[in-house]
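Okay, handing you the structure first.
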Amino acid sequence: MISYRLGDEHEELRLTVADFARDIVAPVIGGYYERGEFPYDIVARMGKLGLFGLPFPEEYGGMGGDFFTLCLALHELARVDSSVAITLEAGVALGAMPIYRFGDEEQRGRWLPDLCRGERLAAFGLTEPGGGSDIPGGMRTVARLDDGEWVIDGSKAFITNAGTAITSLVTALAITGSPGSRREISAIIVPSGTPGLTVGPKYSKVGWCASDTRELAFTSCRVPAANLLGERGRGYAQFLQTLDEGRVALAALSAGLAEGCVDECLRYVGERAAFGRRLGYYQFKIANMDARANGARLAWYDAAARMHAGEPFKKQAAIAKLTASNAAMDNARDATQIFGGYGFMNDYPVGRFYRDAKVLEIGEGTSEVQRMIIARQLGLGQAGPGDEADATLV
Ligand SMILES: Cc1cc2nc3c(=O)[nH]c(=O)nc-3n(C[C@H](O)[C@H](O)[C@H](O)COP(=O)(O)OP(=O)(O)OC[C@H]3O[C@@H](n4cnc5c(N)ncnc54)[C@H](O)[C@@H]3O)c2cc1C
């Protein structure tokens with residue numbers, strides 16, 4: 001018998017985050033978004049609430065929860081705003097998680113406590129200006145050992161949380177094999193402020209405008225050899241594992257946005273007299289939106305449940321990411337349409353939801369990449385982006 005009913009602890013956490021999103025985030029986030037400003041005070045309060053430490057053991061300053069709990073928090077935050085949700089997702093699922101999963105005790109003890117408190121943020125440096133889907137084939141960033149240090153040269157594009165005043169590190173993927181030899185890719189921790197690491201200006205973005213996204217350049221950037229994360233040559237495989245989990249988290253965020261669109265439409269049709277006459281038409285549109293949001297929620301629950309059971313979940317993670325991001329995009333478009341002209345104004349959140357939804361079909365593997373992963377898991381097609389078969393090449 002499978003039940004998706006939340007247990008008491010999960011439900012309590014969900015309600016706590018829902019209250020936080022409604023009372024603390026909703027009243028002010030529109031202003032941050034329009035100014036393109038990173039919401040340090042909200043992030044600090046999320047830290048105090050323990051959100052950045054949710055899936056980590058207490059010995060590292062975490063809350064002793066699990067990945068499902070993190071996804072629940074992302075879902076509830078994204079019902080109200082995606083900039084703060086992606087700051088949490090990138091900081092925890094992509095930033096801190098590789099340190100916890102693959103780091104040694106020294107690295108965990110050094111970096112995790114500040115990250116778990118949300119006092120510092122970590123970034124995940126995979127994508128390069130030459131193409132994100134083509135990693136590892138299109139990778140150009142290299143690192144060589146010299147006198148007990150890694151010397152890194154190259155660049156990374158679109159890196160979330162890379163340049164805030166509280167960013168403590170980026171884990172960067174780099175080719176560590178010597179030229180002409182077998183391709184070898186490793187992950188290396190690069191602390192903020194390391195000479196040779198240049199943080200670019202904030203991108204001007206269509207959505208997620210209150211989150212931090214930057215380009216990073218490495219020019220003879222030297223870090224100690226001990227900053228290697230996990231085993232040398234296993235970096236790409238580690239990042240793929242991180243991305244499989246990250247896709248479940250991003251699916252939860254997407255499902256939250258899809259549900260937030262339903263919330264806003266219900267509020268709006270309740271407020272506007274004109275809807276009395278038109279409700280017959282719009283009730284089916286909103287019912288469709290609710291059905292999509294519900295499907296998206298069940299898709300990420302399913303992937304997370306398999307992940308927690310220690311079962312293979314790569315296909316379910318890709319299905320959840322694909323279907324939930326589609327639901328978010330469709331619901332954001334429908335919600336904006338229902339709001340009419342007001343949907344295009346910044347006074348209501350649905351316009352922000354519309355701008356934020358698109359990137360969900362792009363980040364952490366585009367929809368095309370998710371389809372390739374699903375097809376290959378069905379035994380169709382050849383190895384390609386996001387596939388372990390690629391990892392065996394490195
Ligand atoms: C706001 C934002 C935040 C981000 N944060 C991070 C981060 O924190 N860390 C990080 O490492 N990256 C991050 N990214 C990068 C993101 O993961 C990439 O944008 C994404 O993987 C796509 O890569 P790309 O942009 O290079 O597009 P490309 O890979 O160039 O793809 C362009 C188009 O071609 C399609 N395509 C590519 N290859 C194929 C193929 N073989 N067959 C069919 N179609 C194909 C794609 O689906 C897409 O539609 C972020 C991106 C954004 C926009």
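We count ligands from 1, going down the list as the structure has it; atoms in each ligand are counted the same way.
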Residues forming a side chain to side chain donor-acceptor pair (under 3.5 Å) with R214, sequence neighbours excluded: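 D212.
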
Within the 4.0 Å heavy-atom shell around M372, which atoms of ligand 1 are there?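 That gives atoms 39 (C), 40 (C), 41 (N), 42 (N), 43 (C) of ligand 1.
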
Is there a side-chain contact between S254 and K321 (heavy atoms, below 4.5 Å)?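 S254 vs K321: side chains apart.
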
Atom indices of ligand 1, in the order listed, that fall short of 4.0 Å to a heavy atom of E364: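 Ligand 1 atoms under the 4.0 Å threshold to E364: 17 (O).
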
May I ask you to check whether F158 has an N/O atom sitting below 3.5 Å from an N/O atom of ligand 1?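 Yes.
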
F20 ring centre to R22 NZ or CZ under 6.0 Å, with the angle to the axis within 45°?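 No, cation not above the ring by the 6.0 Å, 45° rule.
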
Within the 4.0 Å heavy-atom shell around I159, which atoms of ligand 1 are there?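 Counting from 1, the qualifying ligand atoms are 7 (C), 8 (O), 9 (N), 10 (C), 11 (O).
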
Could you tell me whether the side chains of K202 and T213 share a donor-acceptor contact shorter than 3.5 Å?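 T213 and K202 do not have a side-chain donor-acceptor pair below 3.5 Å.
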
Does either side chain, that of S325 or that of E361, offer a donor lying less than 3.5 Å from an acceptor on the other one?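 There is no such pair between these side chains.
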
Numbered atoms and elements of ligand 1 in range of S133, under 4.0 angstrom, heavy atoms: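 Those qualifying, in numeric order: 23 (O), 28 (P), 29 (O), 31 (O), 37 (C), 38 (N).
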
Aromatic contact, Y301 with F68 (centres under 6.0 Å):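 When the ring centroids of Y301 and F68 are compared, they turn out to be within the sub-6.0 Å range.
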
Using a 4.0 Å heavy-atom cut-off, which part of T366 comes near ligand 1: side chain, backbone, both, or neither?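 It is the side chain that gets close, since no backbone atom is under 4.0 Å.
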
Select one of side chain, backbone, both or neither to describe which atoms of W208 lie under 4.0 Å from any atom of ligand 1, heavy atoms only.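 It is the side chain that touches ligand 1; the backbone stays farther off.
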
Do E368 and ligand 1 have an N or O pair less than 3.5 Å apart?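 Yes, since at least one N or O of E368 sits under 3.5 Å from an N or O of ligand 1.
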
Would F124 count as being in polar contact with ligand 1, using the rule that some N or O on each side must be under 3.5 angstrom apart?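 Yes, at least one N or O pair falls under 3.5 Å.
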
Is there a polar contact, in the sense of an N or O pair closer than 3.5 Å, between T127 and ligand 1?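 Yes, T127 has an N/O under 3.5 Å of an N/O on ligand 1.
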
Counting heavy atoms only, which part of L126 comes closer than 4.0 Å to ligand 1: side chain, backbone, both or neither?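 Answer for L126: both.
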
Working for side-chain hydrogen bond (donor to acceptor under 3.5 Å, both in side chains), residues Y33 and D356: CA-CA 11 Å; Y33 199 87; D356 290 343; 2.5 Å; yes

So that I can tick it off, tell me whether R140 and E128 are bridged by a salt bridge, with the cut-off set at under 4.0 angstrom between side-chain N and carboxylate O.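 Salt bridge: no.
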
Atoms in ligand 1 with a heavy atom of I362 nearer than 4.0 Å: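 Checking each atom against I362, I get 19 (O), 20 (C), 21 (O).
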
So for ligand 1, is T160 a polar contact partner (N or O within less than 3.5 Å, distance only)?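 Yes: some nitrogen or oxygen of T160 is under 3.5 Å from one in ligand 1.
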
Scan L229, I152, V170 and name whichever one has a side chain to side chain contact (heavy atoms under 4.5 Å, CB included) with I188.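 Output: one option passes, namely I152.
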
Answer with side chain, backbone, both or neither: which part of A90 has a heavy atom less than 4.0 angstrom from an atom of ligand 1?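 No part of A90 comes within reach of ligand 1.
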
